[in-house]
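Remarks on the structure that follows.
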Protein chains: 2
Amino acid sequence: MRRRHVGRPRADGSRNEGHPRDEIIAVASRLFSEHGVARTTMSEIARRSGLRQSSVYYHFKDRDQILVEIVSVANRVILEHLERVTADGGSAAERLYRLLRFDARQMCRFAFDINEIYRLGALQDERFADFWNERQELNDAVAALIAEGIADGALREVDPTLTALVLLSNDEGTQNWFRSMGEFGQVGGEHYDPEDIATFVADLALAGLLRDRDEVDHLRARALELDPRD
Amino acid sequence: MRRRHVGRPRADGSRNEGHPRDEIIAVASRLFSEHGVARTTMSEIARRSGLRQSSVYYHFKDRDQILVEIVSVANRVILEHLERVTADGGSAAERLYRLLRFDARQMCRFAFDINEIYRLGALQDERFADFWNERQELNDAVAALIAEGIADGALREVDPTLTALVLLSNDEGTQNWFRSMGEFGQVGGEHYDPEDIATFVADLALAGLLRDRDEVDHLRARALELDPRD
DNA sequence: CCGACTTTCGATGAGCGTTAGAAAGTCCCT
DNA sequence: AGGGACTTTCTAACGCTCATCGAAAGTCGG
């Protein structure tokens, strides 16, 4: 049994089923996505949540707190997929392909910009600590996958840590132009969707890493089978 | 013959040889780089330039104007290198390798963050128009290089435009973690410098694109010879 | 019905980017 | 040498932002 609307009523009379926190997160997420974090004001977030500006601070300590809440989802989605991929088994190369493709797709689809976090979050530790830890976890997992692939002879001999960093940041970089493409319509008259891009990025990465490059077709087929378009 | 200190003297008595514009650009560039664009205030820029806050507006229309001035350099440096590479001749694959490596190196070295521009500049056209046009020019050039490489049989058959976008954004993505690495010391206990990273990124890209992957060693050797560490 | 708790409000303050107009010099012409 | 034009900087002010504070308006449990 849930209490019904405890607390002072809102000025505009609106009521919110479920936690206002969630409503704020949803609204902020969309605004951050549309206008960028820097150009989104607390007033705007409050207004669209049916609240006065200062009321948002009852639910969140400050603006960055909202950000943290949103971005922590990003890493978590990919880490979850990592677990699934691990559970499914298959060769290291196959798991790597699936992870990279999923990550790139996720980046393109993600409600807003991971790159902005690097700017806003890089300095102020503490609050973003969880984010960076999970990021590190992801990076270690990819590095381990690469090391495994090298060990079993499927991949060329590269530095696993460096390669993991480069591959993950490739995915993030992809988001840059994909997002601006959305705003400007197309790039160079062509249109690409997240599926195409993600698949191509994964293809290119493994074509560069595999000893036997013909293997890529097989990996792609497996990935499309196990992680279909949703 | 140059006039000596026309205009009202500064409050703090400081004098500036050369144009204050250049001083402001230099100061802003460093601050943007250290703290990010979003967290750099006009007061801080002014203070370090020996000016009062509002005096900066005599030299620049607004904050973004300073940004535009700085970032326009980024594309231009790479476009210049493109010209040099074109003039030097060599196979399409060789020119592509050199361009990618230079771009990645440039990104790591660049005083501040290209990714932030995508966020801040994406929406407000006009002022950033030149930046985007030059970016497009670069992209077209890379796509043309790839097309040429496919035509002469050196590269696999890929979509030149899509590949160009992905490769360039890879370079940009690299900057993300390279920069945060610098702040946090190292990543995973390892240390990488821009040369290593850039060379690896170019290696990986061409290993994925070349039909004959053994060719990479040759391309790398040529690139190191023609574009030595500076 | 009353006190405790929850949620929102309105008022307020410090700090930001930006604008406007005055001020303090140099330069050039007579 | 004097004075007007020009250049560069200043001080003062405005409107907007994020954030804090204490009061207010409801529900809940006894």
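What you see is a predicted model, and the numbers here were worked out from it, not measured in a lab. Chain A is the first sequence line, chain B the second, and so forth, proteins listed ahead of strands; every chain is numbered from 1.
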*How many Å lie between CD1 on A/Ile66 and P on D/dT17, as a whole number?*
15 Å

*Do B/Gln175 and B/Asp171 have side-chain atoms, one donor and one acceptor, less than 3.5 Å apart?*
no

_Nucleotide C/dC9, atom P - distance to CZ of A/Arg47 in whole Å_ = 14 Å

*Among the nucleotides D/dA25, C/dT18, C/dA23, which one has an atom lying closest to any side-chain atom of A/Arg8?*
D/dA25

*How close or far is atom P of C/dT18 from atom CG of B/Leu67, stated in whole angstroms?*
12 Å

*What integer distance in Å separates B/Asp62:CG from D/dG15:P?*
20 Å

_Out of C/dG17, D/dT7, D/dT9, whichever nucleotide has its closest atom nearest the side chain of B/Val6_ = D/dT7

*Of A/Ala11 and B/Gly7, whose nearest nucleotide on DNA chain C comes first from the 5' end?*
A/Ala11

*Does a distance-only test, which skips hydrogens and angles, find a donor-acceptor pair under 3.5 Å between the side chain of A/Gln53 and the base of D/dT17?*
no

*Contact class for B/Thr40 vs. all strands (heavy atom < 4.0 Å): base, sugar-phosphate, or nothing?*
sugar-phosphate

*So which nucleotide from D/dT11, C/dG10, C/dG17 ends up closest to the side chain of B/Arg52?*
D/dT11

*Of A/Arg15 and B/Ser55, whose closest DNA chain D nucleotide lies nearer the 5' terminus?*
B/Ser55

*Among D/dA19, D/dT9, C/dG17, which nucleotide sits nearest the side chain of B/Tyr58?*
D/dT9

_Pairing donors with acceptors under 3.5 angstrom, does anything connect the side chains of B/His81 and B/Asp103?_
no

_As a quick check of understanding, evaluate side chain to side chain donor-acceptor pair (under 3.5 Å) for A/Asn133 and A/Glu137, giving each step before the final call._
CA-CA 6 Å; A/Asn133 286 338; A/Glu137 197 179 320; over 6 Å; no

*In whole angstrom, what separates B/Arg10's CZ from C/dT26's C1'?*
15 Å

*Figure out the OH/P separation between A/Tyr57 and D/dG22, and round it to whole Å.*
18 Å

*Polar side chain donor-acceptor pair, A/Arg101 to A/Thr199, under 3.5 angstrom*: yes

*Which of the following nucleotides, C/dT18, C/dA24, D/dA25, is nearest to the side chain of A/Pro9?*
D/dA25

*Spacing of A/Arg39 atom CZ relative to D/dT17 atom P, expressed in whole Å*: 13 Å

*To the nearest Å, how far apart are A/Arg63 CZ and C/dC16 P?*
15 Å

*Is B/Ser54 side chain donor-acceptor paired with the C/dG17 base, going by distance under 3.5 Å alone?*
no

*D/dT9 phosphate, OP1 or OP2, under 4.0 Å from B/His59 side-chain N/O*: yes

*Salt bridge or not for A/Arg21 and A/Glu69, using N-O below 4.0 Å?*
yes

